[in-house]
Amino acid sequence: MPAPHSIVCLVDVDNTLIDNDGIQQDLKDHLESAYGLASRVRYWKILEDLFEEVGYRDYLGALQRYRAEHPRQVELLSMSSFLIDYPFAKRLFPAALAVLGRLRALGPTVILSDGDVVFQPRKVERSGLRDAVDGHVLIYVHKEQALDDVERRYPADHYVLVDDKPRILAAVKRVWGGRVTTVLPRQGSYAHDLEALATFPPADVAIESIGDLIDYDLPRLGTAVPGTSRRAAP
């Protein structure tokens with residue numbers, strides 16, 4: 001095992017660094033315009049059902065299931081190209097890459113995501129996120145259940161976790177306690193889910209957008225205040 005770092009920064013992808021809600025809307029619009037409203041509705045139902053099964057959105061897996069229902073709809077094959085060749089870099093939040101550069105000055109910075117084995121890595125690569133962290137990318141089925149593997153690969157005295165999902169932040173906080181500073185960027189549907197915000201304890205730090213970390217006093221992230229949420233401030 002490598003020697004532990006003082007701080008390792010772990011940063012989520014969807015709705016943290018990249019506007020995944022926008023990507024989903026583009027996908028819905030493309031489905032409807034190319035294949036009709038009924039196809040869009042049915043595909044999305046399959047996608048949501050699959051999400052309940054595996055815990056992440058498997059866009060290509062949903063496409064396979066849709067094709068099994070419509071084996072003669074050969075026009076659907078172009079949908080895979082839309083997904084694989086999507087211009088993910090255009091959906092990066094403002095200053096996302098610059099924030100990763102700033103975090104790297106604090107300590108090793110790792111993309112920590114979950115998803116399938118094809119689409120999610122493709123998204124990370126084509127958006128430029130993989131290069132921005134020199135290839136330090138971890139993608140699990142359920143990342144909050146793989147913290148022991150994260151520690152094995154990137155041992156640290158303290159972690160900084162930036163994620164838009166209150167559930168994930170709370171789950172990691174339960175395991176690492178004061179060894180992690182949780183940061184919630186208020187971006188995307190999960191970060192504004194009132195039920196989730198009422199159910200889970202607040203993050204240590206709440207910011208309005210990922211770009212707020214550009215002017216944040218990053219050394220303050222090196223220690224957490226358990227049970228306390230504070231707004232980002234220069």
[atom1]/[X] to [atom2]/[Y] distance, rounded to the nearest 0.5 angstrom?
X: Ile111; Y: Leu100; atom1: CD1; atom2: CG; answer: 5.0 Å
X: Tyr159; Y: Cys9; atom1: OH; atom2: SG; answer: 11.5 Å
X: Leu106; Y: Tyr216; atom1: CG; atom2: OH; answer: 11.0 Å
X: Ile23; Y: Lys90; atom1: CD1; atom2: NZ; answer: 12.5 Å
X: Asp163; Y: Leu184; atom1: CG; atom2: CG; answer: 8.5 Å
X: Leu129; Y: Leu92; atom1: CG; atom2: CG; answer: 5.5 Å

Ring pair (Phe, Tyr, Trp, His ring centres under 6.0 Å) partners for His5, two or more places apart:
none
Looking at every heavy atom in both [X] and [Y], which two are closest together, and how far apart are they?
X: Ala132; Y: Leu97; value: CB-CD2, 3.9 Å
X: Leu50; Y: Ala62; value: CD2-N, 3.6 Å
X: Pro155; Y: Arg152; value: CD-O, 3.8 Å
X: Val180; Y: Lys173; value: O-NZ, 2.8 Å
X: Arg179; Y: Asp157; value: NE-O, 3.7 Å
X: Ser127; Y: Val124; value: OG-O, 3.1 Å

Donor-acceptor pair between [X] and [Y] side chains, under 3.5 angstrom:
X: Asp164; Y: Thr16; value: yes
X: Asp29; Y: Gln25; value: yes
X: Thr181; Y: His158; value: yes

Is a donor on one side and an acceptor on the other found under 3.5 Å between the side chain of [X] and the backbone of [Y]?
X: Asp116; Y: Asp58; answer: no
X: Asn15; Y: Asn20; answer: yes
X: Ser33; Y: Leu31; answer: no
X: Lys143; Y: Ser113; answer: no

Which residue pairs pass the ring pair (Phe, Tyr, Trp, His ring centres under 6.0 Å) test with at least one member in residues 31-60, sequence neighbours excluded?
Tyr59-Phe119
Kindly indicate whether the side chain of [X], heavy atoms from C-beta on, has any atom under 4.5 Å from the side chain of [Y].
X: Val99; Y: Ile214; value: yes
X: Val183; Y: Leu161; value: no
X: Glu144; Y: Arg167; value: yes
X: Asp149; Y: Tyr140; value: yes
X: Thr182; Y: Val205; value: no
X: Val110; Y: Val150; value: no
X: Val11; Y: Leu17; value: yes
X: Val162; Y: Ile210; value: yes

Chi angles and distances behind the side-chain contact (heavy atoms from CB on, under 4.5 Å) call for His192, Gln187:
CA-CA 7 Å; His192 292 92; Gln187 301 171 157; 5.7 Å; no
Presence of salt bridge, [Y] and [X], under 4.0 angstrom:
X: Arg186; Y: Glu208; result: yes
X: Lys165; Y: Asp193; result: no
X: Asp49; Y: Lys45; result: yes
X: Glu48; Y: Arg65; result: no

Hits for salt bridge (charged side-chain N to carboxylate O under 4.0 Å, His left out) against Glu69, two or more places apart or cross-chain, chain-then-number order -> Arg42
Excluding sequence neighbours, so at least two apart, what forms salt bridge (charged side-chain N to carboxylate O under 4.0 Å, His left out) with Asp134?
Arg104
Before giving the answer on side-chain contact (heavy atoms from CB on, under 4.5 Å), spell out for Arg40 and Leu27 the whole-Å C-alpha distance, their side-chain angles and the decisive distance to 0.1 Å.
CA-CA 9 Å; Arg40 166 187 157 171; Leu27 175 55; over 6 Å; no
Chi angles and distances behind the side-chain contact (heavy atoms from CB on, under 4.5 Å) call for Leu138, Arg153:
CA-CA 10 Å; Leu138 298 176; Arg153 296 173 184 274; 3.6 Å; yes
Taking ILVMFWY side chains as joined if any heavy atoms are under 4.5 angstrom apart, and letting links pass through other members, which residues group with Phe200?
none
So for atom CZ, which belongs to Arg126, do other residues, nucleotides or ligands contribute more than 12 heavy atoms lying within a distance under 6.0 Å?
yes
Whether over 12 other heavy atoms sit under 6.0 Å from Arg130 CZ
no
Cluster overlap [X] with [Y], hydrophobic side-chain contacts below 4.5 Å:
X: Leu112; Y: Val175; result: yes
X: Val54; Y: Leu60; result: no
X: Val13; Y: Val117; result: yes
X: Leu103; Y: Ile207; result: yes

Tell me which donor-acceptor pairs under 3.5 Å the side chains of residues 79-88 have, and how far apart each pair is, sequence neighbours excluded?
{"residue": "Ser80", "atom": "OG", "partner": "Leu77", "partner atom": "O", "Å": "2.7"}
{"residue": "Tyr86", "atom": "OH", "partner": "Asp26", "partner atom": "OD2", "Å": "2.4"}
{"residue": "Tyr86", "atom": "OH", "partner": "Arg91", "partner atom": "NE", "Å": "3.3"}

